[in-house]
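In what follows, chains carry the letters A, B, and so on, assigned in the order in which the sequence lines appear, proteins first and then strands, with residues in each chain numbered from 1.
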Amino acid sequence: MIEVFVFAIFAAIAIAGALVMVIGRNPVYSAIGLLTTMFSIAVFYVLQNAHFVAAVQVVIYAGAVMTLFLFVIMMIGVDKKEDTTEQIPWQRPIAIAVSVGLAAVILIAGSRAWITGRSVFGVDGINGTIEVVADALFGTWTLAFLSTIFLLTIAAVGTIAMAQYSPRRPEEES
Amino acid sequence: MMTIIQWILLGAALFSVGLYGVLTRRNAVLVLASVEIMLAAVNINLVAFDTYLSDPAYTGQIFALFVIALAAAEVGVGIAIILMIFRNRHSVDVDELDLMRY
C-alpha cells in the first residue's frame with residue numbers, strides 16, 4: 001500500500017518537473033525541472049526493484065548529463081530570455097493538439113488491450129541487483145554491450161572533431 | 001497494489017509533455033532536454049514491463065541501460081553541434097536556423 005503512495009507523490013513531482021521544463025521562461029528553471037524529473041524517475045526504478053538502473057539513472061542523468069546541460073546553458077547566456085511570441089502561426093495550438101492527441105491515442109490503444117495476467121510487483125527482493133544484471137549484460141547481451149562501446153567511442157571522436165573544427169575565421173578563435 | 005497500468009499512464013503523460021517541449025521550445029539546448037524526457041518515459045515503460053513479466057533474462061532493464069548510454073552519447077554530440085552553431089551565429093534559436101530551407 002505504501003508503494004502506491006510513493007508512486008502517487010513522485011508521479012506528481014515528475015510530471016510537475018516536466019511541465020516546468022517545457023514551459024519555464026528561464027532556461028535554468030527548465031534545467032532544475034528536468035533534474036527533478038530525473039530524480040523522481042530514479043525513485044520509480046527503486047520502486048520496481050531495479051536498483052542498478054536507479055543508480056545509473058542518478059549517476060548519468062542527474063550527474064553527468066545535467067551538469068553538461070547547466071554548463072552549456074550558463075555558457076551560451078542565461079540572461080537572454082526566450083521571447084515567446086510565435087513567428088510561426090498556430091505552432092503552439094498545433095503542438096498542444098499533437099501532444100494531447102498522442103496521449104489519447106496511446107490510452108485508446110491501451111484500453112483496447114489492457115494487459116492482464118500475473119502481476120509480481122514488489123515480491124522479488126533480489127530482482128535488479130547488480131549480480132543478476134551483470135550476469136545478463138555480460139552473458140546474453142555481450143554483443144550489444146560491445147556495440148555500445150563502439151557507439152560511445154565514435155560519439156567521443158565526433159565531439160572532439162567538432163570542437164576542433166574552426167570555421168572560416170581562425171583569428172577569432174582563442 | 002501496483003499494476004502495470006499506472007506505469008503506462010505515467011510513461012504516456014511524460015512522453016507527451018516531452019513531445020510538447022520538442023515542438024514548442026526555441027532554445028536548442030532545451031529541445032535536447034525535452035528529448036531526454038521522452039527517452040526517460042520510454043525507460044519507465046521498459047523497466048515496468050521487465051518487472052511485470054519477471055523476465056529471467058532481464059531484457060527490459062538491460063535495454064533501459066542501453067537507452068541511457070545512447071542518451072548520454074546523444075547529449076554529447078548534440079551539445080557539441082549546438083556549441084558549433086552558437087560559435088557561428090551567436091544564437092541557438094531553432095527558428096533562426098533556416099540555412100537549409102528550400
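For a residue to count as touching a neighbouring chain, one of its non-hydrogen atoms must lie under 4.5 Å from one of that chain's; by this rule V29(B) touches chain A with backbone and side chain alike. Interface residue F66(B): only side-chain heavy atoms are found under 4.5 Å from chain A. Both the backbone and the side chain of E36(B) come within contact range of chain A, with heavy atoms under 4.5 Å apart. Heavy-atom distances place no part of A64(A) under 4.5 Å from chain B, backbone and side chain included. Residue contact with chain B, scored on non-hydrogen atoms closer than 4.5 Å, involves the backbone and the side chain of I23(A) alike. For A40(B), the parts lying near chain A are the backbone and the side chain together; criterion is any non-hydrogen pair under 4.5 Å. With a threshold of 4.5 angstrom between heavy atoms, M66(A) does not approach chain B through any atom at all. Contact annotation for L34(A): only side-chain heavy atoms (C-beta onward) come within less than 4.5 Å of a heavy atom of chain B. Heavy atoms closer than 4.5 Å to chain B are found in both the backbone and the side chain of L19(A). Proximity to chain B (any heavy atom under 4.5 Å) is shown, for T159(A), by both the backbone and the side chain. Both the backbone and the side chain of A144(A) come within contact range of chain B, with heavy atoms under 4.5 Å apart.
Proximity of I15(A) to L10(B): side-chain heavy atoms (C-beta onward) are separated by under 4.5 Å at one or more points. In this structure, N43(B) and Y45(A) have side chains that are in contact, with non-hydrogen atoms separated by less than 4.5 Å. Side-chain contact check for L9(B) versus I106(A): every heavy-atom pair is 4.5 Å or farther apart. Using a 4.5 Å heavy-atom cutoff, the side chains of V100(A) and S16(B) are not in contact. In this structure the side chain of Y20(B) reaches within 4.5 angstrom of the side chain of R92(A), judged on heavy atoms.
In this structure, the separation between CG on L23(B) and CD1 on I96(A) is 10.5 Å, given to the nearest 0.5 Å. N49(A) contributes atom CG, which lies 7.0 Å from atom OG1 of T51(B) (distance to the nearest 0.5 angstrom). Taking CD1 from I76(A) and CG from N27(B), the interatomic distance works out to 5.0 Å, rounded to the nearest 0.5 Å. Between the CD1 atom of I41(A) and the CD1 atom of I37(B) there is a distance of 7.5 Å, given to the nearest 0.5 Å. The distance from the CZ atom of F145(A) to the CD1 atom of I62(B) is 10.0 Å, given to the nearest 0.5 Å. To the nearest 0.5 Å, atom CD1 of residue I82(B) and atom CE of residue M75(A) are 12.0 Å apart.
L137(A) is not connected to L152(A) by any chain of hydrophobic side-chain contacts under 4.5 Å among Ile, Leu, Val, Met, Phe, Trp and Tyr, and they are in different clusters. Hydrophobic clustering of Ile, Leu, Val, Met, Phe, Trp and Tyr side chains at less than 4.5 Å, counting indirect connections, keeps I9(A) apart from V46(A). Cluster membership check: F138(A) shares its hydrophobic cluster with V53(A), using side-chain heavy-atom separations under 4.5 Å among Ile, Leu, Val, Met, Phe, Trp and Tyr. A single hydrophobic cluster is not seen to contain both V67(B) and I154(A); linkage of ILVMFWY side chains at heavy-atom distances under 4.5 Å, directly or through other members, places them apart. The hydrophobic cluster containing V31(B) does not contain V20(A), counting ILVMFWY residues as joined when their side-chain heavy atoms lie under 4.5 angstrom apart, directly or transitively.
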Walk me through it: do S34(B) and V22(A) pass the test side chain to side chain contact (heavy atoms under 4.5 Å, CB included)?
CA-CA 7 Å; S34(B) 301; V22(A) 296; 4.2 Å; yes
Run T59(B) and W141(A) through side chain to side chain contact (heavy atoms under 4.5 Å, CB included) and show every step you take.
CA-CA 9 Å; T59(B) 313; W141(A) 303 105; 3.7 Å; yes
Give the intermediate values and the outcome of side chain to side chain contact (heavy atoms under 4.5 Å, CB included) for residues Q61(B) and F52(A).
CA-CA 9 Å; Q61(B) 289 186 27; F52(A) 181 62; 5.6 Å; no
Run the side chain to side chain contact (heavy atoms under 4.5 Å, CB included) test on F71(A) and I79(B) for me, step by step, so that the C-alpha distance in whole Å, both residues' side-chain angles and the decisive distance to 0.1 Å come before the verdict.
CA-CA 10 Å; F71(A) 176 73; I79(B) 281 184; over 6 Å; no
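Each of A73(B), A33(B), A12(B), A80(B) has some count of heavy-atom pairs under 4.5 Å with chain A, and the biggest count is that of A33(B). Taking I44(B), V75(B), V22(B) one by one and counting their heavy-atom pairs under 4.5 Å with chain A, the maximum is reached by I44(B). For the set L32(B), L83(B), V92(B), the count of heavy-atom pairs under 4.5 angstrom toward chain A peaks at L32(B).
Closest non-hydrogen pair, M21(A) versus R25(B), comes out as O-NH1, 3.1 Å. Of all heavy-atom pairs spanning L14(B) and A14(A), the tightest one is CD2-O, 4.0 Å. The nearest pair of heavy atoms linking M84(B) to M162(A) is SD-O, 3.3 Å. In terms of heavy atoms, T148(A) sits closest to A69(B) at CG2-CB, 3.7 Å. In plain terms, the two heavy atoms of L19(B) and S99(A) that are nearest each other are C-OG, 4.0 Å.
The environment of L146(A) atom CG is dense: over 12 non-hydrogen atoms of other residues, nucleotides or ligands sit within 6.0 angstrom.
F44(A) and W7(B) have their aromatic ring centers within a separation under 6.0 angstrom.
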